[in-house]
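Here the structure is laid out as structure tokens; the discussion comes afterwards.
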Amino acid sequence: MRHEKYVDINEAVLKWFKTVRAKKIPVSGPMIQHKAKELADALGIENFSASNGWVDRFRIRNNITFRSLCGEAADVDPSLCEDWQERLPLLLAGYDDEDIFDMDETALVFRALPNKSMIQKSEKARGGKIPKGGLPLVFV
């Protein structure tokens, strides 16, 4: 039985991963590598390399897989919608109606947002789509 060499980093990255996924943010391997290196620097751990091998072992140890996100269940916290309904008129003030577009009706969403994420195997692969009504996109 081998002992983990970087227990502190592994625990910190797993905590970050769970926090990010709880917010329904898609996570990729390079994101995990970047965060691991960032946390290693913050913890003062030298000679740590967030290599592809490290990410693979991290995924296996923590039962993490890479899946497609689908469905609209639990997309957005309703309190965030209420907040945006109050803030949106202030943000859009001064723009003409023809300069404001509904982002879920543009090709930008298709190319900009990932449809796959690293998730724990116990998590259902849901919530990768922008909710109906979308986000406003303002062209100036």
Side-chain angles (χ1 to χ4, degrees):
M1 183 94 179
R2 291 175 55 180
H3 296 284
E4 292 181 47
K5 189 173 181 180
Y6 299 106
V7 176
D8 293 342
I9 295 172
N10 291 330
E11 289 175 359
V13 173
L14 182 60
K15 182 178 179 182
W16 167 82
F17 178 81
K18 288 180 177 181
T19 302
V20 169
R21 284 303 303 144
K23 295 178 182 178
K24 306 289 185 218
I25 298 171
V27 179
S28 66
M31 286 174 67
I32 293 173
Q33 287 174 305
H34 178 77
K35 192 62 177 182
K37 186 63 178 157
E38 195 175 87
L39 290 169
D41 291 343
L43 293 170
I45 298 172
E46 296 178 11
N47 301 326
F48 173 75
S49 174
S51 64
N52 290 339
W54 177 86
V55 172
D56 288 341
R57 289 187 302 278
F58 175 80
R59 287 180 47 226
I60 291 166
R61 271 192 308 274
N62 295 294
N63 217 11
I64 295 171
T65 186
F66 192 64
R67 292 192 185 159
S68 292
L69 300 174
C70 59
E72 295 185 30
D75 275 342
V76 175
D77 181 7
S79 64
L80 291 175
C81 294
E82 293 168 6
D83 181 47
W84 271 102
Q85 286 175 342
E86 294 173 10
R87 292 176 45 198
L88 190 59
L90 299 172
L91 292 171
L92 299 178
Y95 293 102
D96 292 331
D97 288 343
E98 62 267 8
D99 293 331
I100 301 171
F101 299 88
D102 189 352
M103 190 150 169
D104 71 346
E105 295 174 0
T106 67
L108 295 176
V109 173
F110 176 76
R111 296 285 180 197
L113 296 177
N115 64 349
K116 290 188 175 187
S117 176
M118 297 277 187
I119 63 171
Q120 289 190 302
K121 290 182 180 178
S122 61
E123 181 182 349
K124 293 183 179 177
R126 297 177 157 188
K129 187 177 176 188
I130 290 181
K132 189 166 178 93
L135 301 171
L137 180 64
V138 179
F139 291 102
V140 182

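To the nearest 0.5 Å, the span separating OG on Ser28 from NE2 on His34 amounts to 11.0 Å. Remark: Leu39 CG to Ile32 CD1 distance equals 11.5 Å, nearest 0.5 Å.
Heavy-atom contacts from other residues, nucleotides or ligands closer than 6.0 Å to CG of Asn47 number 12 or fewer.
For Trp16, there are no side chain to side chain donor-acceptor pair (under 3.5 Å) partners, not counting sequence neighbours. Under the rule for a side-chain contact (heavy atoms from CB on, under 4.5 Å), Asp97 has no partner lying at least two apart in sequence or in another chain. Partners of Lys37 by side chain to side chain donor-acceptor pair (under 3.5 Å), not counting sequence neighbours: none found. Residues that satisfy the side chain to side chain donor-acceptor pair (under 3.5 Å) test with Asn52, not counting sequence neighbours, are Gln33. Scored by the salt bridge (Lys or Arg N to Asp or Glu O under 4.0 Å) test, Asp56 finds Arg59 as partners (sequence neighbours excluded).
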Exercise for review: Apply the test side-chain contact (heavy atoms from CB on, under 4.5 Å) to residues Phe58 and Leu14: give CA-CA distance (whole Å), side-chain angles for both, the deciding distance (0.1 Å), then the verdict.
Suggested key: CA-CA 9 Å; Phe58 175 80; Leu14 182 60; 4.1 Å; yes

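The shortest heavy-atom contact between Gly29 and Val55 is O-CG2, 4.3 Å.
Counting heavy atoms from C-beta on, the side chains of Asn62 and Phe17 never come closer than 4.5 Å. For the pair Val13/Trp54, a side-chain contact is recorded, criterion being any heavy-atom separation below 4.5 Å from C-beta on.
Residues in residues 6-17 take part in no salt bridge (Lys or Arg N to Asp or Glu O under 4.0 Å) pair, two or more places apart or across chains.
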